[in-house]
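Here is the structure we will look at.
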Amino acid sequence: MITVTHLTVAYDDLVAVADVSLQVPPGYVLAVSGPSGAGKSSLLWAIAGAVAVKSGTVAVDGLEIVDRPGAAAHGVVLIPQGNGLARVLTARENLSMPLLAKDKLPGGGEERDEALGSIDEIIDAALADVGLEESGNHLVEELSGGEQQRVAVARGLAQRGKVILADESTSELDSTNRERVLELLRAEADRGAAVIIATHDPNVAAGADGHALMDEGRLTWERQL
């Protein structure tokens with residue numbers, strides 16, 4: 001369960017998120033849309049513990065999120081806009097880093113579902129899910145923009161988080177791969193994750209369980225969860 005309570009995020013005098021409250025239960029997908037600069041990314045990054053909040057709280061399953069390491073340890077996965085990949089590493093290496101880091105967290109190795117197999121097997125499955133099973137050993141800089149975006153999605157999904165935050169994760173994809181990624185995010189919700197997608201795409205918003213609009217940092221509901 002994602003619980004955001006009276007959340008405000010500000011960068012000096014610029015208020016990016018203004019007194020936002022929402023809840024996303026496990027098994028649900030929420031789409032957040034709005035113009036560029038409306039605060040969508042800041043909202044997701046605050047939920048991920050990646051930016052400091054001015055006031056209010058974010059909690060996942062009752063645990064307050066205060067920083068990125070704590071959020072990651074609690075299963076909050078962020079798929080960032082612009083993919084956030086290390087361009088000098090291969091696709092496989094980019095997927096492996098958060099999985100190896102998770103094993104080193106307290107309890108991390110115990111929490112990983114052994115039924116999913118080894119890290120190599122998890123990576124193979126994630127790349128196959130996004131249609132890049134033949135591209136794992138390619139450097140990120142050798143991949144197209146759409147392929148890089150799919151690697152970023154695969155990296156996020158491989159972590160099997162309690163919370164999946166996808167920030168414009170279909171913006172560079174053709175219709176076939178956009179549908180593929182949306183189906184994968186829906187599958188994450190079906191296994192029990194709470195999913196939030198920031199998007200400009202009305203088709204993405206229409207396919208979500210709920211749809212919120214952001215404008216000048218304020219959130220209103222187009223369709224409640």
Side-chain angles (χ1 to χ4, degrees), residues 9 11 36 40-52 60 65-109 111-113 116-174 177-178 180-182 184-185 187-188 193 195-200:
V9 176
Y11 307 106
S36 296
K40 303 184 300 298
S41 293
S42 292
L43 174 62
L44 265 61
W45 281 62
I47 294 172
V51 298
V60 173
I65 300 300
V66 296
D67 58 26
R68 183 64 195 135
H74 198 53
V76 180
V77 173
L78 176 65
I79 305 173
Q81 186 175 5
N83 72 58
L85 300 173
R87 296 179 61 82
V88 296
L89 299 181
T90 67
R92 292 187 64 85
E93 289 167 342
N94 271 279
L95 266 67
S96 71
M97 288 191 296
L99 297 176
L100 292 169
K102 185 176 181 181
D103 273 352
K104 293 178 182 178
L105 292 170
E111 291 175 5
R112 181 157 55 81
D113 187 348
L116 297 174
S118 68
I119 285 179
D120 282 340
E121 290 169 331
I122 293 169
I123 290 171
D124 287 341
L127 288 172
D129 282 344
V130 298
L132 291 174
E133 56 266 50
E134 303 299 326
S135 301
N137 292 321
H138 292 184
L139 293 174
V140 167
E141 63 186 11
E142 297 173 338
L143 302 175
S144 70
E147 289 170 334
Q148 290 178 24
Q149 194 164 59
R150 283 189 281 156
V151 171
V153 170
R155 180 182 59 182
L157 300 183
Q159 297 173 60
R160 304 281 290 183
K162 295 179 181 179
V163 168
I164 308 294
L165 306 170
D167 191 2
E168 299 286 356
S169 295
T170 62
S171 60
E172 295 192 43
L173 302 182
D174 58 31
N177 283 306
R178 181 170 62 246
R180 184 202 297 264
V181 167
L182 293 177
L184 291 168
L185 292 172
E188 289 296 287
V195 179
I196 302 180
I197 306 172
T199 183
H200 288 287

Which residues pass the side chain to side chain donor-acceptor pair (under 3.5 Å) test with His200, not counting sequence neighbours? Glu168

Determine the minimum heavy-atom distance between Arg178 and Leu173, stating which atoms define it. NH1-O, 3.7 Å

Just to verify, what does Glu188 make a side chain to side chain donor-acceptor pair (under 3.5 Å) with, not counting sequence neighbours? Arg191

I need the Gln149 CD to Ser169 OG distance, nearest 0.5 Å. 6.0 Å

Set of side-chain contact (heavy atoms from CB on, under 4.5 Å) partners for Ala154, sequence neighbours left out: Leu95, Ala126, Leu127, Val130

What heavy-atom pair brings Ala198 and Lys40 nearest, and what distance separates the two atoms? CB-CB, 4.0 Å

For the pair Leu182 and Ile197, evaluate side chain to side chain contact (heavy atoms under 4.5 Å, CB included) and give the outcome as yes or no after the intermediate values. CA-CA 10 Å; Leu182 293 177; Ile197 306 172; 4.3 Å; yes

Decide yes or no for His138 and Thr90: does some side-chain heavy atom of the first lie under 4.5 Å from some side-chain heavy atom of the second? no

Holding to side chain to side chain donor-acceptor pair (under 3.5 Å), I want the full list of residues that pass it with Ser135, two or more places apart in sequence or in another chain. none

For Ala46, check side-chain contact (heavy atoms from CB on, under 4.5 Å) against everything at least two apart and list the hits. Leu7, Val9, Val51, Val53

Pairs touching residues 122-151 that satisfy salt bridge (charged side-chain N to carboxylate O under 4.0 Å, His left out), sequence neighbours left out: Arg92-Asp124

Which pairs of donor and acceptor atoms, one on a side chain in residues 77-85, lie under 3.5 Å apart (sequence neighbours left out)?
from  : atom 1 : to     : atom 2 : distance (Å)
Gln81 : OE1    : Ser41  : OG     : 3.3
Asn83 : OD1    : Leu85  : N      : 2.9
Asn83 : ND2    : Gln148 : OE1    : 3.3

What do the steps show when you test Ile65 against Ile47 for side chain to side chain contact (heavy atoms under 4.5 Å, CB included), and what is the final call? CA-CA 7 Å; Ile65 300 300; Ile47 294 172; over 6 Å; no

Go through it in stages, so that I can follow the logic: the residues are Leu157 and Leu185, the test is side chain to side chain contact (heavy atoms under 4.5 Å, CB included), and I'd like the CA-CA distance, side-chain angles, deciding distance and then a yes or no. CA-CA 8 Å; Leu157 300 183; Leu185 292 172; 4.1 Å; yes

Min side-chain heavy-atom separation Val76-Leu165 under 4.5 Å: yes

Using the test side chain to side chain donor-acceptor pair (under 3.5 Å), find all partners of Asp174 that sit at least two apart in sequence or belong to another chain. Asn177

Sub-3.5 Å donor-acceptor pair from the side chain of Arg155 to the main-chain atoms of Asn94, do we have one? no

Do Val88 and Leu139 come close enough that some side-chain heavy atom pair is under 4.5 Å? no

Does any part of the side chain of Ile122, heavy atoms only, come nearer than 4.5 Å to the side chain of Gln159, both counted from C-beta? no

Ser118 side chain to Glu121 main-chain N or O, any donor-acceptor pair under 3.5 Å? yes

